Amino acid sequence: MYENLCISCFEEKGNENSCPHCGYVESGGRKQTFLPAHCVLQERYLIGEVLSTDKNAVCYKALDMQQNRIVEVQEHFPRELVTRDRNSLNLVPLQNNAQWPEKSAQKIFASAKTMMQFSACDGIMHIFDTFEANRTVYIVNEYLEGLLLDDYLKQCGGAVDINTALSVIVPILDGLAQLHKADLIHRAVTPKNIVITTDNTIKLINFVFLKEASPFKENEMTIYFSPGYAPYEQYVSTERRGAYSDIYSVGAVLYRMLVGKTPPDAIERKAEDTLRQALDETDLPQQIKLCICKAMNMNKDIRFKSAADMKNALLDKTEMVDIDGIIDAGNTKKQALIIGGLAAVLVALLIILFIVINKYL
């Protein structure tokens, strides 16, 4: 019934190998571990071309026949643990004594269910559906055409200007603000998990690392880190993680975009912190330097208290103050009042001193 549909644009292509609509050439058979082209999941999702694969998942382009829209279907497929049964589409363990599905599949299913509540939020990839089938978990999300920020930066020669960087960072902060309100943290904000779409929309993707930021037993918080982008607390199982952990990562992404290289790793900074020195060697505005330093402070208590606070500082709605190396975001008007008050006190003291000198000399 669906065999004559192109597996890339899902238009009718007849018996031709090359699609007359999009030019996609169907090569025929593909690896036995992949879902076959034109198969249907949940009597709804028509599986098309393979978009990407890694050690944990396979992503397919698919047609949501119920909504008549192209989507992406992610299949949880940890290739080190499972393979596909030759006589069915089921995933089976590589070892007879191994159990499947295992806990990670259930955690991914729970994370996807949680993320469905944010389907209207800007800056976040929309997840439409999740289900269990073939002894694994599937996630259905919006199909995004565009470039990963990581690839975009390579095309730009490594770095971009401030306006371009902020056009990426601000939507990400808006999206994270919604997650953080629900006591959730992403834990993997990196250039490889940010997409710039063909219509210049910014999307944070890959929520398999999503975790509750509410109180937890320390040994239940899975360790995850991406060198250069993860704060120190994500390297250590006994350290608490929270919204401030994502803020550190956003600061690191901003550093990467403006400086043109990955920031120094948190473990290295624990021994010798060269972040401030590296930023001072650039010609970036002082406000931006201080924003990055505050977001990436090794002391999580000094970082921005929220994604909204960081956004306001980056957009110059609050002025950054650097006192004895402790960076803070202060209200400009309040600072002016304090400075004015100190100046008035100083003038009063000078007047009193002048009177005393004239009286006794």
Side-chain angles (χ1 to χ4, degrees), residues 2 5-13 16-27 30 34-35 37-41 44-54 56-77 112 115-116 118-130 138-157 160 163-176 178 186 188-208 253 256-257:
Y2 307 112
L5 293 183
C6 170
I7 61 172
S8 183
C9 68
F10 299 99
E11 296 288 343
E12 187 75 32
K13 69 176 183 64
E16 301 296 326
N17 287 331
S18 177
C19 176
H21 303 282
C22 68
Y24 181 83
V25 178
E26 192 167 348
S27 59
R30 56 192 184 192
F34 295 154
L35 289 171
H38 304 104
C39 78
V40 178
L41 300 179
R44 175 176 179 177
Y45 302 108
L46 177 65
I47 297 299
E49 65 175 307
V50 176
L51 294 173
S52 64
T53 180
D54 59 30
N56 290 313
V58 182
C59 295
Y60 304 89
K61 200 172 186 179
L63 176 65
D64 179 348
M65 296 183 290
Q66 188 177 104
Q67 296 292 328
N68 193 30
R69 64 186 173 191
I70 294 177
V71 295
E72 178 181 288
V73 173
Q74 299 182 51
E75 180 182 48
H76 182 51
F77 196 139
M115 284 307 302
M116 288 174 64
F118 301 102
S119 61
C121 294
D122 294 333
I124 295 177
M125 178 183 68
H126 299 165
I127 294 179
F128 303 130
D129 192 12
T130 184
Y138 293 88
I139 299 173
V140 182
N141 52 257
E142 61 180 326
Y143 173 67
L144 300 174
E145 289 190 273
L147 277 176
L148 292 177
L149 176 58
D150 190 55
D151 295 328
Y152 176 76
L153 291 173
K154 291 174 184 175
Q155 289 187 5
C156 294
V160 295
N163 288 335
T164 300
L166 292 182
S167 72
V168 172
I169 292 297
V170 168
I172 295 302
L173 287 170
D174 287 339
L176 287 173
Q178 299 303 312
H186 188 277
V189 181
T190 74
K192 292 185 178 180
N193 284 331
I194 296 173
V195 173
I196 303 174
T197 69
T198 51
D199 62 356
N200 290 320
T201 301
I202 308 301
K203 295 283 186 175
L204 180 62
I205 65 172
N206 204 345
F207 295 93
V208 298
V253 172
R256 168 68 183 86
M257 295 181 75

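No hydrogens, no waters, no symmetry mates; every other heavy atom, side chains included, goes into these values. From a predicted model like this one, the values you see are computed outputs, not experimental measurements.
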inquiry  = How long is the straight-line distance from CG of N206 back to CG of L148, given to the nearest 0.5 Å?
reply    = 10.0 Å
key: L204 to N193 - nearest heavy-atom pair and separation   = CD1-O, 3.3 Å
query = Can you name the nearest heavy-atom pair linking D54 to A57, along with the distance?
reply = OD1-N, 2.8 Å
task = Can you measure from OH (Y24) to SG (C19) and round to the nearest 0.5 angstrom?
result = 10.5 Å
key: Nearest heavy atoms of E72 and C59, plus distance in Å   = OE2-SG, 3.9 Å
request  = Quick one: do M125 and V195 satisfy side chain to side chain contact (heavy atoms under 4.5 Å, CB included)? Show the steps, please.
outcome  = CA-CA 9 Å; M125 178 183 68; V195 173; over 6 Å; no
ask   = Hey, mind stepping through L147 and Q155 against side chain to side chain contact (heavy atoms under 4.5 Å, CB included) and telling me if it holds?
value = CA-CA 10 Å; L147 277 176; Q155 289 187 5; 3.6 Å; yes
task = Check whether any side-chain heavy atom of V253 lies under 4.5 Å from a side-chain heavy atom of V189, and answer yes or no.
result = yes
key: Side chain proximity check, M115 to N141, heavy atoms < 4.5 angstrom   = no
key: Donor + acceptor pair across side chains of Y138, D129 (<3.5 Å)   = no
Pairing residues for E16 by the side chain to side chain donor-acceptor pair (under 3.5 Å) criterion, not counting sequence neighbours = none
key: Set of residues satisfying side chain to side chain donor-acceptor pair (under 3.5 Å) with respect to S18, sequence neighbours excluded   = none
note = Hits for side chain to side chain donor-acceptor pair (under 3.5 Å) against Q178, two or more places apart or cross-chain, chain-then-number order -> none
request  = Any chance you could lay out the side chain to side chain contact (heavy atoms under 4.5 Å, CB included) test for N17 and E26, step after step, and finish with the verdict?
outcome  = CA-CA 6 Å; N17 287 331; E26 192 167 348; 5.6 Å; no
request  = Keeping the roles fixed (side chain from K61, backbone from S8), state whether a donor-acceptor pair exists under 3.5 Å.
outcome  = yes
key: Test item: D174 and D122 side chains (from C-beta on) under 4.5 Å apart, heavy atoms   = no
message = Just to verify, what does Y152 make a ring-ring contact (aromatic ring centres under 6.0 Å, His included) with, not counting sequence neighbours?
response = none
ask   = Excluding sequence neighbours, so at least two apart, what forms side chain to side chain contact (heavy atoms under 4.5 Å, CB included) with C39?
value = L35, P36, I47
ask   = With E145, which residues qualify under side chain to side chain contact (heavy atoms under 4.5 Å, CB included), at least two apart?
value = Y143, T198
ask   = Do the side chains of P20 and K13 get nearer than 4.5 Å, heavy atoms only?
value = yes
key: Pairwise side-chain contact, P191 with R256, heavy-atom cut-off 4.5 Å (strictly under)   = yes
Side chain to side chain contact (heavy atoms under 4.5 Å, CB included) involving S167 - partner list, sequence neighbours excluded = T164
Identify all side-chain donor-acceptor contacts of residues 64-71 below 3.5 Å with residues at least two apart in sequence or on another chain.
from	atom 1	to	atom 2	distance (Å)
D64	OD1	R44	NE	2.8
D64	OD1	Q66	N	3.0
D64	OD1	Q67	N	3.2
D64	OD2	R44	NE	3.4
D64	OD2	R44	NH2	2.9
Q66	OE1	R44	NH1	3.4

message = Measuring from atom CG of L144 to atom CD1 of I202, what distance do you get when rounded to the nearest 0.5 angstrom?
response = 11.0 Å
inquiry  = Rounded to the nearest 0.5 Å, what separates atom CE in M257 from atom CG in L166?
reply    = 8.5 Å
message = Quick one, V40 and Y45 - any side-chain contact, counting heavy atoms below 4.5 Å?
response = no
inquiry  = Among residues at least two apart in sequence or on other chains, which ones pass side chain to side chain donor-acceptor pair (under 3.5 Å) with Y60?
reply    = E75
query = Would you say the side chain of I196 lies within less than 4.5 Å of the side chain of L149, judging by non-hydrogen atoms?
reply = yes
request  = Could you list the residues that satisfy salt bridge (Lys or Arg N to Asp or Glu O under 4.0 Å) with D150, not counting sequence neighbours?
outcome  = K154
task = Quick one: list whatever passes side chain to side chain contact (heavy atoms under 4.5 Å, CB included) with D199, sequence neighbours left out.
result = T197, T201
ask   = Rounded to the nearest 0.5 Å, how far does NE2 of H126 lie from NZ of K203?
value = 3.5 Å
request  = Tell me, with the steps shown, if F207 and H186 meet ring pair (Phe, Tyr, Trp, His ring centres under 6.0 Å).
outcome  = CA-CA 6 Å; F207 295 93; H186 188 277; 5.1 Å; yes
remark   = Nearest heavy-atom approach of C9 to H21 is SG-CB, 4.1 Å
query = Any donor and acceptor pair, going by atom type alone, linking the side chain of H38 with main-chain N or O of L5 inside 3.5 Å?
reply = yes
key: Non-hydrogen atoms of I127 and A112 that approach each other most closely   = CG2-O, 4.1 Å
ask   = So, for I7 and R30, which heavy atoms are closest and what is the spacing to 0.1 Å?
value = CD1-NH1, 4.4 Å
